A.B. asks: 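The structure follows.
All values below come from the heavy atoms of this structure, side chains included, with hydrogens, waters and symmetry mates left out. Note that this is a predicted model, so its numbers are computed, not measured.
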Amino acid sequence: MRTLIPVAVTGLMVGQAQAADLAVRIEIPRLNVAEYHRPYVAVWVEGPDQKVAANLAVWYDVKLKNDEGTKWLKDMRQWWRRTGRELTMPADGISGATRPVGEHQLAFSDGKAPLGKLAEGKYELVVEAAREVGGRELLRIPFQWPPRAPEKGEARGQHELGRVALETKP
């Protein structure tokens with residue numbers, strides 16, 4: 001009887017598919033400026049053809065009256081041209097309020113919204129930020145999906161974004 005239990009557990013484990021994970025850390029730096037506004041930030045995954053494979057997050061001023069905050073989304077030019085103008089905001093599961101200075105973490109799993117089911121291949125995590133009375137910045141981190149082993153990538157912004165880190169796990 002004892003030998004059947006390990007065999008049954010092993011059999012169950014072999015048959016289970018493991019979901020891959022993607023974790024993102026985004027640093028919003030403290031800026032010493034006279035008029036500070038929190039940046040709008042868009043996070044998405046692009047394929048090698050530069051088409052959007054998944055929108056992961058869009059942070060904007062959701063509290064402005066009459067959805068006024070949505071009119072500034074187009075300041076994130078790359079995101080807007082590739083996918084933003086096609087979305088209705090707020091977009092369930094991806095949109096939310098702007099974030100304060102500091103490090104912010106996002107976590108996604110294969111097969112679950114908003115990441116969905118990415119096909120096998122090479123991708124780039126793209127993070128774009130735009131700030132009123134400020135600048136714009138876009139960072140890219142390449143990665144392979146699904147990951148065969150844990151991988152890490154990083155990019156550093158010059159002004160609107162600080163460190164952006166990506167970690168994938170099988």
A.B. asks: Compare all side-chain heavy atoms of Arg38 with those of Ile28 and state whether any distance is below 4.5 angstrom.
C.D. replies: no

A.B. asks: Are Trp145 and Leu106 connected into the same hydrophobic cluster when the rule is that any two of I, L, V, M, F, W, Y join if their side-chain heavy atoms are below 4.5 Å apart?
C.D. replies: yes

A.B. asks: Is it possible for you to say whether Trp44 and Phe143 belong to one hydrophobic cluster, with membership spreading through side-chain heavy-atom contacts below 4.5 Å?
C.D. replies: no

A.B. asks: So Glu46 and Lys51, do their side chains get closer than 4.5 Å, heavy atoms only?
C.D. replies: no

A.B. asks: Kindly indicate whether the side chain of Arg82, heavy atoms from C-beta on, has any atom under 4.5 Å from the side chain of Gln50.
C.D. replies: yes

A.B. asks: Walk me through whether Met89 and Asp67 qualify under side-chain contact (heavy atoms from CB on, under 4.5 Å).
C.D. replies: CA-CA 9 Å; Met89 295 306 238; Asp67 287 331; over 6 Å; no

A.B. asks: Strictly below 4.0 Å, N to O, side chains only: are Glu154 and Arg156 in salt-bridge contact?
C.D. replies: yes

A.B. asks: Check whether more than 12 heavy atoms from other residues, nucleotides or ligands sit under 6.0 Å from atom CG of Asp49, and answer yes or no.
C.D. replies: yes

A.B. asks: State plainly whether one hydrophobic cluster holds both Leu73 and Leu161, where clusters connect Ile, Leu, Val, Met, Phe, Trp and Tyr through side-chain heavy atoms under 4.5 angstrom apart.
C.D. replies: no

A.B. asks: Please identify each residue that fulfils side-chain hydrogen bond (donor to acceptor under 3.5 Å, both in side chains) with Asp21, with sequence neighbours left out.
C.D. replies: Ser109

A.B. asks: Can you check whether Val62 reaches Thr70 side chain to side chain, under 4.5 Å on heavy atoms?
C.D. replies: no

A.B. asks: Between CH2 of Trp72 and OH of Tyr40, what distance do you get to the nearest 0.5 Å?
C.D. replies: 8.5 Å

A.B. asks: Drop me the distance from Ile141's CD1 to Thr168's OG1, to the nearest 0.5 angstrom.
C.D. replies: 11.0 Å

A.B. asks: Would you compute the distance between atom CE of Met76 and atom OG1 of Thr83 and round it to the nearest 0.5 angstrom?
C.D. replies: 11.0 Å

A.B. asks: Taking Glu27 for the side chain and Gly162 for the main chain, is one N or O donor matched with an acceptor at less than 3.5 Å?
C.D. replies: no

A.B. asks: I need the Leu22 CG to Leu56 CG distance, nearest 0.5 Å.
C.D. replies: 7.0 Å

A.B. asks: Hey, does Pro142 have a side-chain heavy atom less than 4.5 Å from the side chain of Tyr123?
C.D. replies: no

A.B. asks: To the nearest 0.5 Å, tell me how far Leu166 CG sits from Leu139 CG.
C.D. replies: 12.0 Å

A.B. asks: Quick one: do Glu167 and Lys169 make a salt bridge, cutoff under 4.0 Å?
C.D. replies: yes

A.B. asks: Could you tabulate the donor-acceptor pairs under 3.5 Å formed by side-chain atoms of residues 124-134, not counting sequence neighbours?
C.D. replies:
{"unit_1": "Glu124", "atom_1": "OE1", "unit_2": "Arg140", "atom_2": "NH1", "d": "2.7"}
{"unit_1": "Glu128", "atom_1": "OE1", "unit_2": "Gln78", "atom_2": "N", "d": "3.2"}
{"unit_1": "Glu128", "atom_1": "OE1", "unit_2": "Trp79", "atom_2": "N", "d": "2.8"}
{"unit_1": "Glu128", "atom_1": "OE2", "unit_2": "Arg77", "atom_2": "N", "d": "3.1"}
{"unit_1": "Glu128", "atom_1": "OE2", "unit_2": "Gln78", "atom_2": "N", "d": "3.2"}
{"unit_1": "Arg131", "atom_1": "NE", "unit_2": "Glu160", "atom_2": "OE1", "d": "2.7"}
{"unit_1": "Arg131", "atom_1": "NH2", "unit_2": "Glu160", "atom_2": "OE2", "d": "3.2"}

A.B. asks: Over all heavy atoms of both residues, which pair between Ile94 and Pro114 is shortest? Give the atoms and the distance, please.
C.D. replies: CG2-CB, 3.5 Å

A.B. asks: Taking all non-hydrogen atoms of both residues, which atom of Ser95 and which atom of Tyr60 are closest, and how far apart?
C.D. replies: CB-CE2, 3.8 Å

A.B. asks: Indicate yes or no: at least one non-hydrogen side-chain atom of Val41 is less than 4.5 angstrom from one of Arg99.
C.D. replies: no

A.B. asks: Looking at every heavy atom in both Leu118 and Ala53, which two are closest together, and how far apart are they?
C.D. replies: CD2-CB, 3.6 Å

A.B. asks: Would you indicate whether the side-chain heavy atoms of Pro146 and Pro170 approach each other to under 4.5 Å?
C.D. replies: no

A.B. asks: Would you mind reporting whether Ile26 and Trp59 have side-chain heavy atoms less than 4.5 Å apart?
C.D. replies: yes

A.B. asks: In Å and rounded to the nearest 0.5 Å, what is the CG to NE2 distance from Leu31 to His37?
C.D. replies: 12.0 Å

